[in-house]
**Student:** 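Mind having a look at this structure? Questions to follow.
Computation of the quantities below employed the complete heavy-atom set of this structure, encompassing side-chain atoms and omitting hydrogens, waters and symmetry-equivalent molecules. Whatever order the structure lists them in is the order used to number ligands and atoms, beginning at 1.
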Amino acid sequence: MNPPPLLEVNGLVKHFLIRGGLLGGITGRVRAVDDLSFTLARGETLALVGESGSGKSTVGRTILGLTPLSGGEIWLDGARIDQLSRARMRHLRQRMQIVFQDPYSSLNPRFSVRACLAEPLTNFGLARGTAARDARIFELLDQVQLPRTAADRRPHEFSGGQRQRIAIARALAPRPDLIICDEAVSALDVSVKAQIINLLVDLQKELGLALLFISHDLAIVEHLTHRVAVMYLGGIVEIGPRDEVFSRPRHPYTEALLSAVPQPDPAAKRRRIVLAGDMPSPRDPPAGCRFHTRCPYAFDRCRVEVPELRGGTSHRFACHLDDLPSAV
Ligand code: SF4
């Protein structure tokens, strides 16, 4: 029997209730994530890509237990984790870490880098004694390619890219199996972005980490990920191996996102598809295919019938069309 995937997300639902009126009753709900499923293998990178408001960050937060889910299941290494107590979930956080867009979310600016990195080691009882703790802190600084002298400085003394290296070192400290990178390079300059992505690729290979890389930018994930899941309005509309999704997208939304990715080879330039309008509100998603209000290929069936994810076992897409008109 095959071992279970490291992470399995099954039919995940996350709705936020909206309260209003004099009595604070429920007046609506934001359907941030609706029936979303995927798996992530040990040592694998999956990029979760979509526009702001697609629900991708909510997925990351529910996996970590930072926000309770409204339905569905989350499994880690064959054990269900979405119903664990807060105490057991805190313990499990040793195996699942997160790196945010803003390093200050995890780095206390009043602490030295040494103290920032020591905190998870102490919390999880991972380094007994000052010598063992310092040895591990130096090892972490080596892994993220920062000088050991960085230990005695404070996060604000570093550039944005260096601060993100410190945040990655902190995430690595408890030797996790999975790191969720939530827009972890979005705020960085292009050249620094590339350096951090290269670092993550190296660390992933060296340590056998699984990465769930959440990003609004398909171009960023191309050189980093093994598989891509494209999200739109709370659901996955396409998921598959990176090369297949990039070379032959099967969903019009993926096609539109890819058309904005710069191509180094002018001969391989894609036709630019500019989507009309904004993403509808997850408070009142459209009936049928949720993408039909912006899809250049929408037809009558799209407005009434929800397309299921279909296709092969590895590359799946949620569209009523078998082939995109541009690919025929
Ligand atoms: Fe477009 Fe229809 Fe496919 Fe939805 S189902 S993506 S509206 S063609």
**Student:** Relative to atom 1 (Fe) of ligand 1, how many protein N, O or S atoms have a separation of less than 2.8 Å?
**Tutor:**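 For atom 1 (Fe) of ligand 1, the figure is 1.
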**Student:** Just jot down the side chain to side chain donor-acceptor pair (under 3.5 Å) partners of Arg148, sequence neighbours excluded, or say none.
**Tutor:**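 By the side chain to side chain donor-acceptor pair (under 3.5 Å) rule, Arg148 matches Asp142.
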**Student:** Could Glu157 and Arg154 be called an ion pair, given the rule that one side-chain N must be under 4.0 Å from one carboxylate O?
**Tutor:**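 Answer for the salt bridge query: no.
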**Student:** Cation-pi check, Arg290 to Tyr232: give yes when NZ or CZ is under 6.0 Å from the six-membered ring centre and within 45° of the ring axis, no otherwise.
**Tutor:**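 No, Arg290 and Tyr232 do not form such a contact.
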**Student:** Which pairs, with at least one residue in residues 4-33 and sequence neighbours excluded, count as a salt bridge (charged side-chain N to carboxylate O under 4.0 Å, His left out)?
**Tutor:**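 For residues 4-33, and leaving out neighbouring residues, there are no salt bridge (charged side-chain N to carboxylate O under 4.0 Å, His left out) pairs at all.
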**Student:** Could you pull out all donor-acceptor pairs under 3.5 Å where a side-chain atom in residues 205-212 meets a protein atom, sequence neighbours excluded?
**Tutor:**
none

**Student:** Is there a donor-acceptor contact under 3.5 Å linking the side chains of His223 and Asn198?
**Tutor:**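 There is no such pair (donor and acceptor under 3.5 Å, judged by atom type) between the side chains of His223 and Asn198.
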